[in-house]
Asks: 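There's a structure below that I have some questions on.
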Amino acid sequence: MIKVRGLAKTFKTRGRTVPAVQGVDIDVAEGEMVGFLGPNGAGKSTTLRMLATLLRPSAGEAVVAGCDLLSDPSGVRRRIGYVGQGNGAGAGQRVAEELITQARLYGMPAAAARERVGELLERFDLAALGERTAGTLSGGQRRRLDIVMGVLHQPRLIFLDEPSTALDPQSRNNLWQHIRSLRDEHNCTVFLTTHYLDEVDALCERILIIDAGRIIAEGSPDVLKAEISGDQVTLGVSDPAEAAATVTREPEVQDLTTHGTHLSFRVPGGDTVVPVLMRALDAAGVTVTSVQIQRPTLDDVFLTLTGRSLREAGPTPDPA
Ligand SMILES: Nc1ncnc2c1ncn2[C@@H]1O[C@H](COP(=O)(O)OP(=O)(O)OP(=O)(O)O)[C@@H](O)[C@H]1O
């Protein structure tokens, strides 16, 4: 559904050159729900805007929804939906009226447009709000309206740019259910950007992590957590020196540190490695007094890869 090679974008502003996206490769299969994760300023929106034909790439090539991005942008536009960070509907427009107008702009006959709008308002829990003006909707309702606008023409692929930013937890959960339904019920491939770790954990079966314009990791959240970060294990022991010597012999143990009578280290699968270590420690005459296994988060993955926490990364410095 998306095949991108070497996509890049360099902005030139006030004599400065900002290499916002520095040659990314992206593959997304039909029906996938993929998250594009990275700190502020990492290059997520720029990539998305290029893939949605809103921004011309400085370099690279891409086939999006079966059409060549550079030679057939209108073909891409017909087949995709794009929901940006701003609100799509004018604040003073009545919800149903605005949607019917949009559907008509896509070339739908009046009766089909009314039917499609009615069906989508129903599906996105907006049916009771059709006569309200968009400006009177809550944040969550407004985001759902934006998504309805993005899928009016039944795109095969939808891009969502930070869909749940500024929503309260309840509205986010509700929105996530609707985003899931895009794929599960509407058979739509979903590609979304976010800097919320819980959002990708909740929604995406595969993620791409971007930092300073480059993709630094890719895979399922669970696989990335297990392979890149691993479980954090803390053992309380009777003899820390002997315990450290024993634990170090296990090849999967990484980043071992000792604090008083506690050892901390990372292993790819704590559930299976810790029992092996317990037997080895027992054989070495070491008593284990406590065991703690902490599952990694995507933030730990980002920290392992970049040395910075995603939560605290703040805006990525403009890449030099
Ligand atoms: N029109 C522009 N002119 C100049 N620089 C730009 C422009 N748009 C984006 N940039 C720069 O490109 C880099 C990537 O920005 P982008 O908006 O793609 O990041 P992002 O990952 O989407 O961030 P956020 O999570 O804050 O939306 C940043 O350094 C940004 O300042």
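Whatever order the structure lists them in is the order used to number ligands and atoms, beginning at 1.
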Asks: Whether the side chain of H153 engages the backbone of I80 through a donor-acceptor N/O pair (distance < 3.5 Å, no angle test) should be reported.
Replies: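 Present.
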Asks: Select the closest option to atom 12 (O) of ligand 1 among P19, A20, G43, P39, judged by heavy-atom distance.
Replies: A20
Asks: Give the contacting part of T13 toward ligand 1: side chain, backbone, both or neither, where contact means a heavy-atom distance below 4.0 Å.
Replies: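 Side chain only.
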Asks: Which atoms of ligand 1 sit under 4.0 Å from any heavy atom of H195?
Replies: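 Per the distance check, 25 (O).
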Asks: Is G213 in contact with ligand 1, taking contact as a heavy-atom separation below 4.0 Å?
Replies: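 Under 4.0 Å: no for G213.
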Asks: Considering only heavy atoms of Q85, which atoms of ligand 1 have at least one such atom less than 4.0 Å away?
Replies: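 Listed by number with element: 27 (O).
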Asks: Could you tell me whether ligand 1 has any atom less than 4.0 Å away from a heavy atom of E162?
Replies: yes
Asks: Does an N or O from T47, backbone or side chain, lie closer than 3.5 Å to an N or O of ligand 1?
Replies: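 No - when backbone and side-chain N and O of T47 are compared with those of ligand 1, no distance drops under 3.5 Å.
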Asks: Can you find a pair of side-chain heavy atoms, one from R94 and one from L99, that are under 4.5 Å apart?
Replies: no
Asks: Looking only at distances, please establish whether an N/O atom of ligand 1 is found under 3.5 Å from an N/O atom of V18.
Replies: no
Asks: Between G41 and ligand 1, is there a nitrogen or oxygen pair with a distance under 3.5 Å?
Replies: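 Yes, since at least one N or O of G41 sits under 3.5 Å from an N or O of ligand 1.
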Asks: Taking only Lys NZ, Arg NE, NH1 and NH2, and the carboxylate oxygens of Asp or Glu, determine whether D299 and K225 approach each other closer than 4.0 Å.
Replies: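 Here D299 does not pair with K225 in a salt bridge, since their nearest N and O are not under 4.0 Å apart.
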Asks: Going by the atom numbers of ligand 1, which of them fall below 4.0 Å from some non-hydrogen atom of A42?
Replies: 19 (O), 20 (P), 21 (O)
Asks: Are the side chains of K9 and S58 in contact, using a 4.5 Å heavy-atom criterion?
Replies: yes
Asks: Is a donor on one side and an acceptor on the other found under 3.5 Å between the side chain of K44 and the backbone of I209?
Replies: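 Judged by distance alone, no pair lies under 3.5 Å.
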Asks: Of R144, R142, R143, which is the lone residue that meets side chain to side chain donor-acceptor pair (under 3.5 Å) with D146?
Replies: R143
Asks: With side chains defined as the heavy atoms from C-beta onward, is the minimum distance between Q85 and T165 less than 4.5 Å?
Replies: no
